[in-house]
Asks: 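Submitted below is the structure of interest, expressed as structure tokens.
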Amino acid sequence: MSMIAWSNQFSVGVQEVDQQHQVLIGIVNQLSAALDMQDRDLDSHKVINELVQYTVYHFGTEERLMREISYAGIDRHVHEHQAFVKQVGQMVTQLDHGQGPSLLELLLFLRDWLISHILNSDRDMGDALNLAGIR
Ligand SMILES: [Fe+2]
């Protein structure tokens with residue numbers, strides 16, 4: 001699976017959010033590299049848990065920033081976060097029981113969701129934060 005290279009197109013214009021997005025992309029890339037190398041020592045459960053935990057923490061940051069500026073799109077944005085956490089939780093449970101998606105499928109879902117969410121919803125949020133003077 002190809003890695004995600006951070007570039008300015010992913011910037012939402014808010015330093016704290018950009019830094020956290022870089023960490024998230026880093027974890028996805030780390031998992032992707034381990035899968036590509038068929039690393040037998042890869043504790044995928046541990047890395048995915050780390051990813052989920054960091055994602056929940058990161059969503060908390062975004063939601064705090066959105067509340068700070070009474071962002072009009074907050075409900076829709078929070079709903080996207082919640083739906084994502086729920087879906088990943090279900091996929092991880094299935095994976096743990098040897099059912100459902102493969103690790104690669106889970107990773108592809110994470111990667112594609114993350115990219116599309118950053119480029120659309122997070123950018124809109126970033127524009128609003130910038131207008132309110134948060135960078
Ligand atoms: Fe978000």
Side-chain angles (χ1 to χ4, degrees):
M1 188 182 109
S2 60
M3 300 252 208
I4 312 170
W6 175 268
S7 74
N8 262 342
Q9 63 156 334
F10 290 121
S11 173
V12 301
V14 179
Q15 203 181 6
E16 189 180 13
V17 176
D18 282 348
Q19 279 170 354
Q20 292 182 0
H21 283 158
Q22 287 176 24
V23 173
L24 280 175
I25 287 172
I27 301 173
V28 171
N29 283 340
Q30 187 193 336
L31 257 175
S32 165
L35 263 190
D36 283 350
M37 292 181 340
Q38 298 183 315
D39 179 356
R40 284 165 199 275
D41 295 330
L42 170 70
D43 188 343
S44 54
H45 188 87
K46 191 175 146 224
V47 183
I48 286 172
N49 266 335
E50 187 187 323
L51 181 65
V52 170
Q53 273 174 26
Y54 192 81
T55 302
V56 169
Y57 163 74
H58 163 65
F59 287 170
T61 300
E62 288 189 358
E63 290 165 16
R64 168 175 54 78
L65 290 168
M66 288 189 278
R67 276 195 303 273
E68 267 175 39
I69 63 160
S70 302
Y71 179 51
I74 188 169
D75 287 349
R76 210 182 101 187
H77 198 131
V78 170
H79 181 75
E80 277 183 39
H81 287 170
Q82 288 171 346
F84 174 76
V85 171
K86 192 175 165 195
Q87 184 160 1
V88 172
Q90 284 169 349
M91 289 172 96
V92 171
T93 305
Q94 287 175 330
L95 199 65
D96 285 347
H97 290 89
Q99 306 161 337
S102 66
L103 188 54
L104 178 63
E105 282 167 336
L106 174 60
L107 199 53
L108 285 169
F109 170 75
L110 292 171
R111 183 194 66 176
D112 293 345
W113 188 91
L114 198 58
I115 291 174
S116 136
H117 182 77
I118 291 173
L119 293 180
N120 295 290
S121 303
D122 287 347
R123 264 201 191 156
D124 290 346
M125 173 194 70
D127 289 346
L129 288 168
N130 285 169
L131 275 174
I134 299 175
R135 294 190 177 270

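We count residues from 1, following the sequence as given. Just follow the structure's listing: the first ligand is 1, and inside any ligand the first atom is 1.
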Asks: Restricting to N, O or S, what is the name of the atom of His77 that lies nearest the Fe ion (ligand 1)?
Replies: NE2
Asks: Between His45 and Asn49, do the side chains contain an N or O donor and an N or O acceptor separated by less than 3.5 Å?
Replies: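 The answer is yes; a qualifying pair exists.
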Asks: Just so I know, are the side chains of Leu103 and Ile48 near enough to count as touching, which here means a heavy-atom distance under 4.5 Å?
Replies: yes
Asks: Please find out if the Fe ion (ligand 1) and some N, O or S atom of His58 are separated by less than 2.8 Å.
Replies: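 For His58, the answer is no, given that no N, O or S atom comes within less than 2.8 Å of the Fe ion (ligand 1).
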Asks: In Glu62, the N, O or S atom nearest to the Fe ion (ligand 1) is which?
Replies: OE1
Asks: For Glu68 and Arg64, run salt bridge (charged side-chain N to carboxylate O under 4.0 Å, His left out): C-alpha distance rounded to whole Å, both residues' side-chain angles, the deciding distance at 0.1 Å, then the answer.
Replies: CA-CA 6 Å; Glu68 267 175 39; Arg64 168 175 54 78; 3.4 Å; yes
Asks: If only atom types and distance count, is the side chain of Asp18 paired as donor or acceptor with the main-chain N or O of Val12 below 3.5 Å?
Replies: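 Yes, Asp18 side chain to Val12 backbone: donor-acceptor pair under 3.5 Å.
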Asks: Check whether any N, O or S atom of Asp122, backbone or side chain, sits closer than 2.8 Å to the Fe ion (ligand 1).
Replies: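 Given the 2.8 Å cut-off, Asp122 counts as a ligand of the Fe ion (ligand 1).
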